[in-house]
Amino acid sequence: MIIIITYEDIRNNNAIKTYIKHADSSLEKLGYTEHSFAHVTKCAETAGHILRILGYDDHTVELAKIAGYIHDIGNLVNRVDHSQSGAIMAFRVLDRMGMDDDDIATIVTAIGNHDEGTGVAVNPVAAALIIADKSDVRRSRVRDVIDSPTFDIHDRVNYSVVKSELNFSGDRRTLTLNLEIDTAISPVMDYFEIFIGRMIMCRKAAETLGLEFKLVINNLQLM
């Protein structure tokens with residue numbers, strides 16, 4: 001029997017809560033920025049918002065939110081190839097919950113394609129997830145204090161972001177990531193050194209959705 005699995009069901013699932021918590025704990029030990037409930041919730045809500053604005057049906061929006069919430073559980077296994085590990089883990093969890101095969105396929109495909117290097121926006125849910133994940137740059141993701149010896153370039157770039165907004169144009173044809181960066185903490189070039197691959201991935205994902213992607217930093221359009 002097919003069971004309708006909702007975003008709220010996923011958020012309340014104890015196994016998923018445990019995987020997210022432990023995956024983030026592993027990344028903390030490795031010196032990565034926050035990948036816990038704040039990040040995955042933001043990804044879920046942003047991915048759903050993108051598809052909702054573009055007129056996708058409620059069910060597809062729900063799948064995007066589910067994919068966004070569980071996209072990083074593969075970090076529990078290892079940071080390397082975590083998108084593929086996460087896809088396999090997600091399949092097991094969703095299958096055991098009784099989710100429809102087509103829905104599982106959509107979500108697993110999106111998770112398995114969300115990381116730069118190997119990921120491709122092969123469907124709208126994957127495209128929305130990629131944009132939501134790669135655009136989540138903010139100061140609150142930084143774990144270390146600014147004068148800590150472990151405060152690296154990734155921390156510096158995230159910490160320098162004073163304001164981050166992802167906005168549609170009025171005609172819904174352009175999606176713009178607007179960043180306000182404190183250049184006394186990190187120059188704009190540091191952002192590009194860390195995130196250029198991710199921004200290119202966002203541009204390609206936006207194209208899958210029929211959108212143009214723009215990057216604006218300190219009121220200067222850079223993409």
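All values reported here derive from a predicted model rather than from experimental measurement.
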- With distance as the sole test, does Arg11 use its side chain to make a donor-acceptor pair with the main-chain N or O of Thr41 at under 3.5 Å? no

- Item | Rounded distance (nearest 0.5 Å) linking atom CD1 of Ile73 with atom CE of Met89 | 4.5 Å

- Query: Do any N or O atoms from the side chain of Asp133 and from the backbone of Leu129 form a donor-acceptor pair under 3.5 angstrom?
  - Reply: no

- Lys/Arg N to Asp/Glu carboxylate O, Asp115 vs Lys134, below 4.0 Å: yes

- Message: How about CG on Asp58, more than 12 heavy atoms from neighbouring residues, nucleotides or ligands closer than 6.0 Å, or not?
- Response: no

- Listed partners of Phe213 passing ring-ring contact (aromatic ring centres under 6.0 Å, His included), at least two apart: none

- Do you know which two heavy atoms are closest between Ile111 and Ala67, and how far apart they sit? CG1-O, 4.1 Å

- Message: For Ala128 versus Ala47, what's the shortest heavy-atom pair and its separation?
- Response: CB-O, 3.7 Å

- Item | Gap between atom CE of Met99 and atom CD1 of Ile5 - 0.5 Å precision | 5.5 Å

- Query: With distance as the sole test, does Asn113 use its side chain to make a donor-acceptor pair with the main-chain N or O of Ala121 at under 3.5 Å?
  - Reply: no

- Message: Is the shortest side-chain heavy-atom distance between Leu222 and Val188 below 4.5 Å?
- Response: yes

- Nearest heavy-atom pair of Lys214 and Glu212: which atoms, and what distance? CE-OE2, 3.5 Å

- Query: Is there a donor-acceptor pair under 3.5 Å between the side chain of Asn13 and the backbone N or O of Ile10?
  - Reply: no

- Message: My understanding is that only residues two or more places apart in sequence, or in another chain, count here; which of them pass salt bridge (charged side-chain N to carboxylate O under 4.0 Å, His left out) with Asp72?
- Response: none

- Have Asn75 and His22 got a donor and an acceptor in their side chains that come within less than 3.5 Å? no

- Task: Please check if the side chain of Arg143 supplies one atom and the backbone of Thr33 the other of a donor-acceptor pair under 3.5 Å.
- Result: yes

- Note on the structure: In short, Tyr19 meets Leu76 closest at the heavy-atom pair CD2-CD2, 3.8 Å

- Task: Provide the closest heavy-atom pair for Val157 versus Ser186 in the form atom of the first, atom of the second, distance.
- Result: CG2-OG, 3.6 Å

- Ignoring hydrogens and angles, tell me if any N or O in the side chain of Ser169 forms a donor-acceptor pair with the backbone of Thr174 under 3.5 Å. yes

- Examine distances only and state if a side-chain atom of Asn158 and a backbone atom of His154 form a donor-acceptor pair shorter than 3.5 Å. yes

- Query: With no hydrogens and no angle check, is any side-chain donor or acceptor of Asn218 less than 3.5 Å from a backbone partner on Ile181?
  - Reply: yes

- Query: Crowded around Asp57 CG? As in, over 12 foreign heavy atoms under 6.0 Å?
  - Reply: yes

- Message: For a quick check under 3.5 Å, do Asn178 and Thr176 share a side-chain donor-acceptor pair by atom type?
- Response: no

- Task: Determine whether more than 12 heavy atoms belonging to other residues, nucleotides or ligands lie under 6.0 Å from atom NZ of Lys21.
- Result: no

- Item | CD-NE2 distance between Glu62 and His59, expressed to the nearest 0.5 angstrom | 8.5 Å

- Check whether the side chains of Thr6 and Asp9 place a donor and an acceptor atom closer than 3.5 Å, and report yes or no. yes

- Query: Quick check: does any side chain N or O of Arg172 sit under 3.5 Å from a backbone N or O of Ile53, one acting as donor and the other as acceptor?
  - Reply: yes

- Are any of the side-chain heavy atoms of Phe195 and Leu179 separated by less than 4.5 Å? no

- Task: Please determine if Glu34 and Arg138 form a salt bridge, counting it only when a charged side-chain N lies under 4.0 Å from a carboxylate O.
- Result: yes

- What is the minimum heavy-atom distance between Gly68 and Cys43, and which atoms define it? O-CB, 3.9 Å

- Tell me the ring-ring contact (aromatic ring centres under 6.0 Å, His included) pairs involving residues 104-144, sequence neighbours left out? His71-His114, His82-His114

